[in-house]
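Remember, predicted model here, so these are calculated numbers, not experimental data. All chains are named by letter (A, B, ...) in the order of the sequence lines, taking the proteins before the strands, and each is independently numbered beginning at 1.
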Amino acid sequence: MGTLPTIIPNSRARFNNSQEFDVLPRVESCKSVREMKQIHAFMIKAKANRAPLSFRLLCAKITSVLQHVDLVSSKEIIFSYACFLVKLCGQNYVFNFNSIIQSLASCKNSFNATMGMYREMLLEGFFPDTYTIPHVLKACSESESLREGQQIHAYSIKTSLASNVFVKNTLMRLYAVCGIIKSVEKLFDEGPDRDLVSWTTLIQGYAKMDYSSAIDAFFRMNWIADEMTLVVVLSACSKLRDLNSGKKIHAYMDHHKIGVNLDVFLGNALVDMYLKCGQIDFARQVFDEMPTKNVVSWNSMISGLAQQGQFKKALDMFRMMQNMGLKPDSVTVVGVLNSCANLGMLELGKWMHSYINKSYIKADGYVGNALVDMYAKCGSIDQALEVFQAMKRRDVYSYTAMIVGLAMHGEARRALDIFSQMLKMGIKPDLVTFVGVLSACSHAGLVEEGRRHFEDMSRLYDLEPKTEHYGCMVDLLGRAGLISEAQEFINKMPILPDAFIWGSLLAACKIHAKVELGESAMEKLVEMEPSRDGAYILMSNIYSSANRWRDALKWRKEMKKRNIKKTPGCSSIEIDGMVHEFRKGEKSHPRSKELYKLLQVLTHQLRNYGLDQNFVWY
DNA sequence: TTAGGGTTAG
């Protein structure tokens, strides 16, 4: 038995209304059911137990203890104590039950406890009212317990409680989170007494799947929106990349004098909308105007910039966030790792990895997948495998990141091994997984295996191959020298071949010196992408390889005529946490002398291995 | 005494 807390110096002291508040902090600080009982005994003694405020606080405390107790038996004891209290405290039993049900429903993962208390209420012969039902439905929505929610819905109809606007709105919310939009619409259309919450819930329901309907509903609404409604509709605009509606809503906010300075959620939603719509400067302006920023505001900027391909800016934002002394969370980490992966910043990526370990962020889920991807893209394939293998839970994203990473590193066999592991684990591959699988087959020249996987896509996994997959197959057949088969494959494609497909065929023609077929592929490419430099160079090289110098020159001249410049070869190197980019012909880097020396050494080494001229920097 | 909100992937 531990030491009991001293509740009050003199328990014989008289307890009046003004002193009641002295008890409240003590209720808040007790840590076990024993301490709660002690306080409660004191309250009974002091005749304060009938005060609703104290009772509500006691309910909240019981709830919090319930949430933190691991042992089922202890939970049961506390639960029965809660029931006992409901009956003991005051005479307004329905109110007491409502209070404790509300407290329970407001906690996470409390569905069973909430429903248990609700059942207890019914068993005791008390009738739920328009306060009880919304609390219980809240718990149902949180745990997406549709069946139980539907039972409550049926009960509400039978008892006429369903006509109450609070009941109706929470029912709408239940169906909205369960994705049953028809029921949301039906409830919304039913009653005349819909309010702003009804509209927000309807918009929220649409925003789960049909973003345009969410935006339409917003503009149909005959109430002035508040911050919550605006957040929901702005989020729909972000997902739809609908800048036009997003701007209209921003103007609406200005018109109704709803500013981002009052609500951090609204500011974050606006920043996210502008970023998703590619309006970096507007996003930055809103962000700078926000007087209060939280970790989500910074995360929105970091991940939004990364999504727009502005990886350096994303990392600058991360540095600013650190300078402000804000603690990054798992979402920040994912945005930063994504930027590191795309910039090849292995050192910063490693630093993030050690930060994750130190800050007890779980390296599973999004974070684990981002780590695997970062290591794979930064060339540390073994580290990627290490993280992948240490992950407790792996999903389709984890496996795909690993498969694509291995395929990129030319480790086709290992990529295909991971793929079969994935299937054994019962994880269904998706379209991106197959890009990895097919490119692995292509790099390793595994024609038959590639063909089989391609067929399996639709046959076993109900996945319709996209142009990337057809491109991989053309590449696979082309590299293996099966050029006419590749051509036939293109002719039979059910979708229109794009530049990627013709480019693959052209590349195969280069390897296997097929001039005529190359010419026809080139014709298509010029039609589709007249200003892309790669095809002209490939075609010119095909002619050169066939000693047709005049034709080769013709294509070079064609490039000049069309004012197409060859994209300079680009490489980057990370020194002291900074990425330095070099383009062929560039001499003006601030640390060029120092780096030039380093690059000369690298170039020399590459030449020693007989590597391609493209690796030579100037 | 009650209902509705934002950021993350291959």
Side-chain angles (χ1 to χ4, degrees), chain A residues 52-53 55-56 59 92 94-103 105-106 129-138 141 164-174 176-177 194-205 207 225-235 238 260 263-273 275-276 294-304 306-307 329-338 341 365-374 376-377 384 388 395-405 407-408 429-436:
Chain A
L53 190 60
F55 180 74
R56 281 178 63 74
C59 287
N92 192 351
V94 173
F95 169 86
N96 289 348
F97 269 112
N98 288 348
S99 301
I100 199 152
I101 288 171
Q102 182 191 10
S103 300
S106 65
D129 61 8
T130 58
Y131 293 90
T132 326
I133 301 297
H135 301 318
V136 179
L137 283 172
K138 191 182 175 184
S141 303
N164 174 275
V165 69
F166 285 89
V167 173
K168 205 181 296 170
N169 289 345
T170 38
L171 276 169
M172 279 176 68
R173 167 126 181 96
L174 168 80
V177 302
R194 54 181 87 101
D195 61 7
L196 185 58
V197 178
S198 324
W199 277 98
T200 310
T201 314
L202 177 77
I203 296 168
Q204 169 76 283
D226 67 1
E227 286 82 356
M228 287 198 187
T229 323
L230 288 163
V231 165
V232 176
V233 71
L234 279 171
S235 153
S238 305
V260 292
D263 194 300
V264 70
F265 274 60
L266 185 53
N268 294 347
L270 205 56
V271 165
D272 177 57
M273 184 277 293
L275 277 167
K276 293 268 162 63
N294 60 13
V295 67
V296 178
S297 325
W298 289 93
N299 289 350
S300 299
M301 280 304 291
I302 293 168
S303 54
Q307 266 175 15
D329 68 3
S330 59
V331 180
T332 327
V333 162
V334 172
V336 173
L337 285 173
N338 182 9
Y366 277 97
V367 176
N369 298 345
L371 269 174
V372 171
D373 185 49
M374 183 277 294
K377 286 216 174 99
F388 175 79
D395 59 9
V396 57
Y397 297 104
S398 339
Y399 278 98
T400 305
M402 202 61 248
I403 292 165
V404 171
M408 256 171 22
D430 68 8
L431 288 167
V432 189
T433 323
F434 276 104
V435 172

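- When distances run from any side-chain atom of A:S300 to the nucleotides B:dA9, B:dG10, B:dT7, the shortest one goes to B:dT7.
- Regarding contacts with the backbone of B:dA3, every side-chain N or O of A:R173 stays at 4.0 angstrom or more from both OP1 and OP2.
- Taking only side-chain atoms of A:V331, from C-beta outward, the nucleotide of B:dG10, B:dG5, B:dT7 with the closest atom is B:dT7.
- The closest donor-acceptor contact from the side chain of A:N338 to the backbone of A:A341 lies at 3.5 Å or more, if one exists at all.
- The nucleotide whose nearest atom lies closest to any side-chain atom of A:T200 is, among B:dA9, B:dG4, B:dG5, B:dG4.
- To the nearest angstrom, P of B:dG5 lies 13 Å from CG of A:D263.
- For the pair A:H135 NE2 and B:dT1 C1', the computed distance is 6 Å after rounding to whole Å.
- Residue A:Q204 places none of its side-chain N or O atoms closer than 4.0 Å to OP1 or OP2 of B:dA3.
- When distances are taken from the side chain of A:V231 to each of B:dG5, B:dA9, B:dG4, the shortest belongs to B:dG5.
- Distances were taken from every side-chain heavy atom of A:S303 (C-beta onward) to each of B:dT2, B:dT8, B:dG10; the shortest belongs to B:dT8.
- Under a 3.5 Å cut-off, the side chain of A:S235 and the backbone N or O of A:V231 do not form any donor-acceptor pair.
- Comparing B:dG10, B:dT1, B:dG4 by their nearest atom to the side chain of A:Y131 picks out B:dT1.
- Of the candidate nucleotides B:dG5, B:dG10, B:dT2, B:dT2 has the atom nearest to the side chain of A:P134.
- When distances are taken from the side chain of A:L196 to each of B:dG5, B:dG4, B:dG10, the shortest belongs to B:dG4.
- Comparing B:dG10, B:dA9, B:dT7 by their nearest atom to the side chain of A:V404 picks out B:dG10.
- With 3.5 Å as the limit, one finds no donor-acceptor pair spanning the side chains of A:S99 and A:N96.
- A:D329 places its CG atom 12 Å from the P atom of B:dT8, with the value rounded to the nearest Å.
- Take A:T201 and apply the side chain to side chain donor-acceptor pair (under 3.5 Å) test, not counting sequence neighbours, and it matches no residue.
- Scanning atom types as modelled, one donor and one acceptor separated by under 3.5 angstrom connect the side chain of A:T229 and the base of B:dG4.
- Remark: A:N338 is in phosphate contact with B:dG10, judged by side-chain N or O atoms under 4.0 Å from OP1 or OP2.
- Taking the side chain to side chain donor-acceptor pair (under 3.5 Å) definition, one finds that A:D373 meets it with A:K377, sequence neighbours left out.
- Taking only side-chain atoms of A:K276, from C-beta outward, the nucleotide of B:dT2, B:dT7, B:dG10 with the closest atom is B:dT7.
- Between A:I203 atom CD1 and B:dG4 atom P there is a gap of 15 Å when expressed in whole angstrom units.
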